[in-house]
Amino acid sequence: MTRVVRTRRELRAALADTARPIGIVPTMGWLHAGHRSLMQRARAEDRTSVVTIFVNPRQFGDPKDLERYPRNEAGDVAICEEEGVDLVFAPDVDEIYPPGFDTAIHVGAVAEPLEGAARPGHFDGVATVVAILFDLVGADHAYFGQKDAQQVLVVRQMARDLAIGTEVIACPTVREADGLALSSRNVHLDPEERAAAPVLHRALVAGRDLWRSGERSGDRLRATMAGELATEPLARPDYVSVADAVTLRELDVVTGSALLSLAVRFGATRLIDNEPIG
Ligand code: AMP
């Protein structure tokens with residue numbers, strides 16, 4: 001049975017003498033197969049699995065984006081039940097940020113480019129809530145999706161720098177049959193946009209294939225991905241990146257591991273995806 005708790009106090013009580021290791025899967029709900037894959041990893045590797053469901057206002061720059069973020073707690077809890085999750089922590093905003101809360105965690109260079117540049121303050125919100133959740137749960141392991149590759153790097157940096165003992169584990173991106181990465185935001189795509197959205201994955205595959213064929217020029221890899229995106233009139237690219245896999249600095253020449261990544265708008269919906277190479 002999955003137990004649902006809403007307050008810090010209930011969470012502490014539920015975890016008081018629980019079996020370790022404890023694995024945490026932080027989510028914003030509207031759970032899908034991508035989240036399920038993280039729960040399955042936690043179930044396989046930990047004796048206690050905790051899913052958190054919290055739409056974190058501090059990581060949204062645009063109030064409209066926050067307002068229209070999809071929510072379905074009953075469905076989410078049912079999915080956690082199906083996956084055999086031990087505990088769901090679904091707090092209210094005040095439970096995470098009580099009145100008077102006045103601290104933010106700001107991660108440095110790795111949080112600056114890409115999503116950090118496109119969404120100012122986003123990673124401060126992410127780092128702050130994740131630090132709170134890691135501490136409240138006392139997690140040994142935390143499972144994050146590679147789909148949000150920069151988030152993994154930012155959270156790792158935060159945990160290392162703040163001496164938080166939770167190990168951050170990145171899990172592969174789960175995709176639809178046509179290559180579209182699963183995302184809670186996909187629900188906002190209208191049928192034409194949904195049909196167009198797999199162009200992100202096609203662009204990444206085109207970049208990866210060109211790299212596999214020996215191309216090492218960052219500009220030529222970016223141009224190939226941008227060219228593939230341009231075949232889809234509904235796709236409005238936000239960025240097309242070939243960056244160092246560790247620092248996320250844009251690369252002139254790919255010499256080691258790199259991250260191909262994209263952010264693309266379809267109407268009011270902004271999708272991201274990435275492909276590690278090397
Ligand atoms: P979210 O609820 O969107 O904040 O996502 C919660 C966690 O699920 C994050 O670690 C995401 O990276 C991860 N996630 C989201 N989509 C996918 C996916 N398609 N495949 C794997 N993990 C995912």
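Computed over heavy atoms, backbone and side chain alike; hydrogens, waters and symmetry mates excluded. What you are looking at is a predicted structure, and each value in this text was computed from that prediction instead of being measured. Whatever order the structure lists them in is the order used to number ligands and atoms, beginning at 1.
- The distance from atom CG of Asn186 to atom NE2 of His32, rounded to the nearest 0.5 Å, is 7.5 Å.
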After noting the C-alpha distance and the side-chain angles of Glu10 and Arg3, does the key distance pass the salt bridge (charged side-chain N to carboxylate O under 4.0 Å, His left out) rule?
CA-CA 10 Å; Glu10 287 171 330; Arg3 194 163 155 211; over 6 Å; no
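- Closest to atom 15 (C) of ligand 1, if we only count protein heavy atoms, is His32 CE1, 3.9 Å.
- Listed by number with element, the atoms of ligand 1 under 4.0 Å from a non-hydrogen atom of Thr27 are 2 (O), 6 (C).
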What do the steps show when you test Phe89 against Leu133 for side chain to side chain contact (heavy atoms under 4.5 Å, CB included), and what is the final call?
CA-CA 9 Å; Phe89 180 46; Leu133 295 172; 4.0 Å; yes
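- Ligand 1 has no atom lying under 4.0 Å from any heavy atom of Arg175.
- The protein non-hydrogen atom at the shortest distance from atom 20 (N) of ligand 1 is Val174 N, 2.8 Å.
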Taking distance alone, no hydrogens or angles, what donor-acceptor pairs closer than 3.5 Å link side-chain atoms of residues 163-174 to residues at least two apart or in another chain?
residue : atom : partner : partner atom : Å
Thr166  : OG1  : Ala139  : O            : 2.8
Thr173  : OG1  : Lys147  : N            : 3.0

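- Neither the backbone nor the side chain of Ala33 has any atom closer than 4.0 Å to an atom of ligand 1 (non-hydrogen atoms only).
- Of the inter-residue distances, the one linking Ile272 atom CD1 with Tyr239 atom OH reads 5.5 Å to the nearest 0.5 angstrom.
- Atom CD1 of Ile132 is separated from atom CD of Glu95 by 11.0 Å, given to the nearest 0.5 angstrom.
- If you look at Leu38 next to ligand 1, the close heavy atoms, those under 4.0 Å, all belong to the side chain.
- Met39 and Val155 are assigned to two separate hydrophobic clusters, defined by single-linkage of ILVMFWY side chains at heavy-atom distances under 4.5 Å.
- Heavy atoms of Pro26 come nearer than 4.0 angstrom to ligand 1 in at least one pair.
- Distances shorter than 4.0 angstrom do not occur between any heavy atom of Phe54 and any atom of ligand 1.
- Closest to atom 11 (C) of ligand 1, if we only count protein heavy atoms, is Asp148 OD2, 3.1 Å.
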Walk me through it: do Asn56 and Tyr69 pass the test side-chain hydrogen bond (donor to acceptor under 3.5 Å, both in side chains)?
CA-CA 10 Å; Asn56 175 30; Tyr69 200 83; over 6 Å; no
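- Test Asp238, Asp65, Asp62 against Arg270 for salt bridge (Lys or Arg N to Asp or Glu O under 4.0 Å) and you get one pass: Asp238.
- Residue-ligand proximity, Leu182 to ligand 1, at heavy-atom distances under 4.0 Å covers atoms 16 (N), 17 (C), 18 (C), 19 (N).
- Below 4.0 Å from some heavy atom of Gly34 lie the following atoms of ligand 1, by number and element: 18 (C), 20 (N), 21 (C), 22 (N).
- Of the protein's non-hydrogen atoms, the one nearest atom 22 (N) of ligand 1 is Gly145 CA, 3.5 Å.
- Nearest protein neighbour of atom 21 (C) of ligand 1, counting heavy atoms only, is Pro172 O, 3.5 Å.
- What sits closest to atom 4 (O) of ligand 1 on the protein, heavy atoms only, is Met28 CG, 3.6 Å.
- Put simply, the side chain of Thr2 does not reach to within 4.5 Å of the side chain of Val51, judged on heavy atoms.
- Looking only at protein heavy atoms, the nearest one to atom 3 (O) of ligand 1 is Tyr69 OH, 3.7 Å.
- Given atom 5 (O) of ligand 1, the protein heavy atom at minimum distance is His35 NE2, 3.4 Å.
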